[in-house]
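Here the structure is laid out as structure tokens; the discussion comes afterwards.
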Amino acid sequence: MWEVIKSVLAAFFGVQNERQRHRDFQHGKPVAFVAAGIALAVVLVVVVAAVAIVAAR
Amino acid sequence: MNPVQRTVFRTVVVLMGMFAFAFALVPLYDAFCKVTGINGKVGDQPRSIVNEQVDTSRYVTVQFITRSGKGLPWQLEAEHRQVRVHPGQPTEVNFAFSNNSSKALTGRAVPSVSPSQASLHLRKVQCFCFEEQRLEAGERLEVPLVFQLTRDLPPDINTVTLVYTLYPVADSQSQLQAQTLPVRGGDV
Amino acid sequence: MRKSLAWMMGAGSFLGLASSTLANGWNMPVGVTDVSREIYSLHMTIFWICVVIGIVVFGVMFYSLFRYRRSRGAKSANFHENTSVEVVWTAIPLLILVGMALPATATLKRMYDPSEAELDVMVTGQQWRWHYEYLGEDVSFTSSLSTPRSQVNGEEEKDENYLLDVDEPLVLPVGRKVRFLMTSDDVIHSWWVPDLAVKQDSIPGFVNENWVRIEEPGIYRGQCAELCGKDHAFMPIVVRAVEADEFDTWLAERQEAAAAEASGVDREWGMDELMERGEQVYGSICATCHQPDGSGAEPTFPALAGNEALLNDLDRHIDVVLNGVSGTPMAAYRGNLNPVELAAVITYERNAWGNESGDAVQPSEIQALLE
Amino acid sequence: MASNLPPKPTLEHSTAASGGLAHEHHERPRGIWRWLLTTNHKEIGTLYLVFSLVMFFIGGIFALVVRAELFQPGLQLVQPEFFNQMTTMHGLIMVFGAVMPSFVGLANWMVPLQVGAPDMALPRLNNFSFWLLPVAFTLLLSTLLMPGGGPDFGWTFYAPLSTTYAPPSTTFFILSLHMAGISSILGAINIIATILNLRAPGMRLMDMPLFVWTWLITAFLLIAVMPILAGVITMMLMDINFGTSFFNAAGGGDPVLFQHLFWFFGHPEVYIMILPAFGIVSAIIPTFARKPLFGYASMVYATASIAILSFLVWAHHMFVVGLPLVAELFFMFTTMLIAIPTGVKVFNWIATLFRGSITFETAMLFALSFVVLFTIGGFSGLMLAIAPADFQYHDTYFVVAHFHYVLVPGAIFAVMAGVYYWLPKWTGHYPDERLGRWHFWMSVIGVNLTFFPMHFSGLAGMPRRIPDYALQFADFNMVSSVGAFMFGVSQLLFVWGVIKCVRGGEKAPAKAWEGAEDLEWSVPSPAPLHTFETPPEFTPITH
């Protein structure tokens with residue numbers, strides 16, 4: 001699971017290396033990646049919203 | 001199902017979901033606005049007065065602005081141009097509708113609040129804006145607005161402006177709307 | 001943190017000043033309010049950051065294009081990945097962005113300051129003019145384009161303030177906090193004066209607000225910024241900022257004039273004075289759509305000259321002018337014009353351009369319909 | 001986003017697509033019927049490309065009417081009513097008629113060739129989705145002749161200008177937009193089905209060329225947001241014709257809701273118009289630098305991350321609509337975040353150039369100018385993201401300059417680069433390099449003359465969508481108009497170059513470009529009507 005999250009995080013950051021990628025595509029289940037991607041998108045929204053709310057004070 | 005059909009089936013499901021989502025966004029947006037106070041939207045349901053300690057240490061000016069929209073020969077006037085109230089204090093202000101035409105007509109006053117954050121702290125107990133008004137030819141109607149500003153009104157807000165814009169309601173229109181758009185509130 | 005912020009803003013405004021002297025009329029105006037100056041320096045700061053990034057990035061690119069072209073005998077390498085380089089060039093932009101977001105957030109917060117204002121002005125957008133009401137002061141007027149049509153059509157030399165001149169500028173005091181309440185009678189407009197850094201949509205049925213404290217007297221010009229129909233280009237804004245005491249005098253004069261006009265409602269008005277007043281009102285309010293000669297522009301704007309339906313039905317005529325027609329650009333003028341102006345303009349429309357109804361509508365008749 | 005699906009078994013490879021192909025081998029209709037009934041991805045691709053070129057010229061003529069009127073202050077050629085129809089039609093035609101169909105055309109041609117598929121997964125649907133377009137746009141253009149004129153409310157058609165105050169033809173405008181939308185949706189379904197199911201054995205998702213990748217993500221974006229557009233215009237239709245009040249304040253609706261819905265569609269739409277361009281440029285730069293693309297995986301991830309972020313930024317188009325402070329901050333921050341994956345892409349292209357062995361064919365020239373000019377558009381985009389500054393930029397010519405920089409030397413230059421790059425594969429002839437260079441330099445100069453001065457006129461205070469302007473903007477506008485005509489005329493060189501290339505020229509081998517590696521270069525030039533009827537051997541290039 002941690003590996004999946006790490007890969008998706010790398011995707012959000014936009015950087016991923018070759019070795020890591022090969023590993024993802026040998027072992028990972030696609031559903032896990034999609035779910036983690038959606039979950040992290042939600043987390044991103046929450047984090048940015050929190051930053052905005054704090055900044056607005 | 002072969003894999004191509006499966007892919008097509010899944011995309012079509014997503015597609016229909018997104019089309020429905022577009023329509024779902026209408027009530028969602030409405031609800032979101034009321035929760036966050038975006039757009040100065042106020043709930044269209046009466047709320048009851050909450051007995052809370054009146055904050056006598058500060059005064060807030062509440063302004064009333066009435067505007068006439070197109071196509072309705074009515075006049076809407078507030079009894080006072082503005083009042084000064086304490087947060088927490090229930091206040092009643094009278095408004096007068098008059099129909100200067102020779103026909104019976106239906107109209108609605110659409111409310112808006114400025115600054116928009118204030119709408120979260122405004123409790124309308126009784127308001128003519130909750131419903132349509134029907135006025136006979138030449139009729140004059142006095143209706144009260146009863147409201148309360150909550151105690152937690154942010155300290156930097158010293159003036160709250162309530163604006164009411166008059167719009168005509170075609171008789172056929174109000175019914176059609178209730179049919180096609182049940183989500184927009186049962187009081188239409 | 002604060003220090004580096006201040007430093008960045010300082011550097012930005014220095015570079016900004018340097019370039020503003022160079023590029024007058026090529027750049028955003030610095031403006032005459034706190035907020036406008038802050039926005040300007042933010043704009044210049046970010047502009048220069050972009051320039052620097054651009055120089056570095058394009059520098060590397062053009063160096064590569066020059067150095068590694070095949071005509072110079074370049075042999076291609078085969079690398080295609082370097083994680084540390086990629087992490088660095090992702091992280092550095094992130095830091096730069098945080099550096100941009102900090103001053104931007106600070107400025108934005110200063111723009112959203114709802115504290116008590118000393119003057120409230122209601123700004124109403126209409127197709128295609130602005131209506132201003134000084135709330136609680138009994139002063140309101142409509143401000144429309146005064147550039148003559150002949151200049152637009154090229155029959156006459158265009159003057160210096162071509163398309164940026166109005167018959168009645170909005171007068172505001174210097175040094176006082178003014179609150180604008182923006183709304184619209186028809187479509188969405190946007191009230192924009194660059195020197196005040198105020199741009200706010202005016203939306204039918206809703207009220208937006210904005211604040212300004214002007215620091216220097218002067219004349220500031222702007223335009224409607226949201227497409228609002230055919231004459232979107234022809235609804236300018238002119239703000240005349242004057243010293244506070246001059247403003248008070250001006251406001252008192254306007255109140256007196258309004259009171260005088262109000263007292264004139266009850267008396268009997270003669271045809272000639274109604275026509276004279278009516279022509280003036282027609283020219284500033286009605287002529288943009290219905291044309292100075294009453295010929296209109298079918299199908300949207302009906303002709304008034306020779307309009308039998310209108311001439312035969314005085315009540316209908318009064319109703320349309322007072323209450324507007326929903327779903328068309330015809331606004332309800334009951335709130336925008338006083339009884340004298342309404343009576344005069346209706347009388348004018350019924351007796352000008354060959355219309356010969358002979359009706360002289362009295363302000364008192366109109367007054368009765370407004371109560 | 002299903003960006004991480006593992007390789008699918010492709011056993012069904014030949015069975016799935018053969019249904020549409022089997023009968024075709026024998027008798028083929030001739031003349032017009034050949035084109036009306038074709039289910040061949042190459043022919044449909046050609047139809048899309050020709051259609052979008054025609055639309056590009058029609059939209060371009062509208063733009064030139066606008067620029068001619070704005071050549072000097074005052075009203076000379078057209079009245080404001082017609083001017084507004086021209087700006088609106090220009091926008092609609094360029095977005096929905098030129099840029100999007102041209103990308104679909106390239107996808108039709110190249111996606112099956114690049115993944116080693118014999119055709120699109122749904123060939124008959126492909127025919128239908130193309131032929132919807134000419135119908136839709138004929139209807140759209142015909143509104144100009146209707147009483148009250150065509151749409152005149154801007155391509156963003158904000159309510160209530162587009163509902164209560166709209167011309168009577170608006171219902172037809174809505175209908176045509178519905179058809180164009182359905183066409184895009186069907187195209188997207190087809191592309192997704194092709195990419196996910198018809199890849200050559202052994203080609204995993206992460207082996208696909210970037211053009212395929214960017215199109216896969218674009219197709220998902222289309223599936224996600226075109227229904228939203230359909231929803232919005234359906235609501236407009238109901239407001240206009242059935243008395244509902246979605247966007248009408250008088251009936252309890254909200255005009256601002258329209259903008260939220262529109263931009264929830266509209267911002268991903270912006271990326272729909274640029275992601276395939278990224279893919280094209282990512283194919284061309286490595287070819288002419290003779291060096292593999294730098295950071296292939298990062299490119300894919302950056303594309304996915306742009307696609308996700310594009311759903312979270314819509315309200316940056318609405319900073320002056322009266323949003324609360326928190327919302328302004330949220331959308332400012334998310335918008336700024338998009339700069340990061342976009343920056344990664346630009347850096348990767350430049351790193352690909354670094355230590356390459358570079359030549360400057362016409363395709364490469366267009367791709368390189370894409371990188372530079374798109375980045376300039378990116379910079380102005382970053383400036384627009386700063387909410388307080390946007391209060392001054394919003395709805396001025398600065399915005400016009402920004403989105404034309406990302407769309408003209410962005411999307412359109414990428415399409416032209418793609419055309420010059422793949423012409424040898426399509427026609428079997430190399431395009432005329434001398435003509436190509438003339439076209440390139442005239443276009444680049446024309447584009448910059450047109451759009452660069454718009455930054456200045458916008459900052460100096462010129463609102464967009466106005467037929468007449470104050471005297472201080474006169475010089476900038478004159479330069480812009482001259483540039484626009486120069487750009488317009490130079491596109492005739494493009495047409496000439498393409499026709500010349502179709503009719504003859506230097507013969508191209510299967511692998512037309514020395515540095516080109518993808519599968520399409522393994523089939524003969526010109527590509528025969530049917531390719532990869534038996535799946536090719538695919539050996540992954542080590543990215």
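Naming: A, B, ... by sequence-line order, numbering from 1 per chain.
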Can you check whether [X] reaches [Y] side chain to side chain, under 4.5 Å on heavy atoms?
{"X": "C/Phe58", "Y": "D/Val371", "result": "no"}
{"X": "C/Asn78", "Y": "D/Pro292", "result": "yes"}
{"X": "C/Tyr63", "Y": "D/Leu353", "result": "no"}
{"X": "D/Asp254", "Y": "C/Phe206", "result": "yes"}
{"X": "D/Val320", "Y": "C/Glu226", "result": "no"}
{"X": "D/Phe354", "Y": "C/Arg67", "result": "no"}
{"X": "C/Glu86", "Y": "D/Val344", "result": "no"}

* Asked: If you count heavy-atom pairs under 4.5 Å between each of D/Arg465, D/Arg355, D/Gln76 and chain C, which one has the most?
  ->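 Highest number of pairs under 4.5 Å: D/Arg355.
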
Heavy-atom proximity to chain C below 4.5 Å, by part of [X]:
{"X": "D/Phe360", "result": "side chain"}
{"X": "D/Tyr158", "result": "side chain"}
{"X": "D/Thr396", "result": "side chain"}
{"X": "D/Ala351", "result": "both"}
{"X": "D/Gln472", "result": "side chain"}
{"X": "D/Asp468", "result": "both"}
{"X": "D/Pro286", "result": "neither"}
{"X": "D/Phe476", "result": "side chain"}
{"X": "D/Gln85", "result": "neither"}
{"X": "D/Tyr469", "result": "backbone"}
{"X": "D/Met383", "result": "both"}

For [X] and [Y], which heavy atoms make the closest approach, and how far apart are they?
{"X": "D/Met336", "Y": "C/Met100", "value": "CE-CB, 3.5 Å"}
{"X": "D/Pro463", "Y": "C/Ala225", "value": "CB-CA, 4.4 Å"}
{"X": "C/Tyr162", "Y": "D/Gly74", "value": "OH-CA, 3.3 Å"}
{"X": "C/Ser64", "Y": "D/Ile358", "value": "O-CD1, 3.7 Å"}
{"X": "C/Asp185", "Y": "D/Tyr165", "value": "O-OH, 4.1 Å"}
{"X": "D/Pro160", "Y": "C/Pro204", "value": "CG-CG, 4.0 Å"}

Segment of [X] engaging chain D (4.5 angstrom heavy-atom cut-off):
{"X": "C/Lys158", "answer": "both"}
{"X": "C/Asn161", "answer": "neither"}
{"X": "C/Phe79", "answer": "both"}
{"X": "C/Phe47", "answer": "both"}
{"X": "C/Met111", "answer": "side chain"}
{"X": "C/Ile188", "answer": "both"}
{"X": "C/Glu209", "answer": "neither"}

* Asked: Under a 4.5 Å heavy-atom cutoff, which of C/Ile96, C/Leu97, C/Val51, C/Ile53 has the most pairs with chain D?
  -> C/Leu97

* Supply the atom-to-atom distance D/Leu161 CG to C/Gln127 CD, rounded to the nearest 0.5 angstrom. =>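 D/Leu161 CG to C/Gln127 CD: 7.0 Å, rounded to 0.5 Å.
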
* To the nearest 0.5 Å, tell me how far C/Asp201 CG sits from D/Met318 CE. =>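 So the CG of C/Asp201 and the CE of D/Met318 are separated by 8.5 Å.
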
Is the backbone N or O of [Y] less than 3.5 Å from a side-chain atom of [X], with the two atoms forming a donor-acceptor pair by type?
{"X": "C/Asn208", "Y": "D/Val321", "value": "yes"}
{"X": "C/Lys199", "Y": "D/His394", "value": "yes"}
{"X": "C/Gln223", "Y": "D/Met462", "value": "no"}
{"X": "C/Ser76", "Y": "D/Arg290", "value": "yes"}

* Asked: So, D/Glu328 and C/Tyr112: side-chain donor and acceptor under 3.5 Å apart, yes or no?
  -> yes

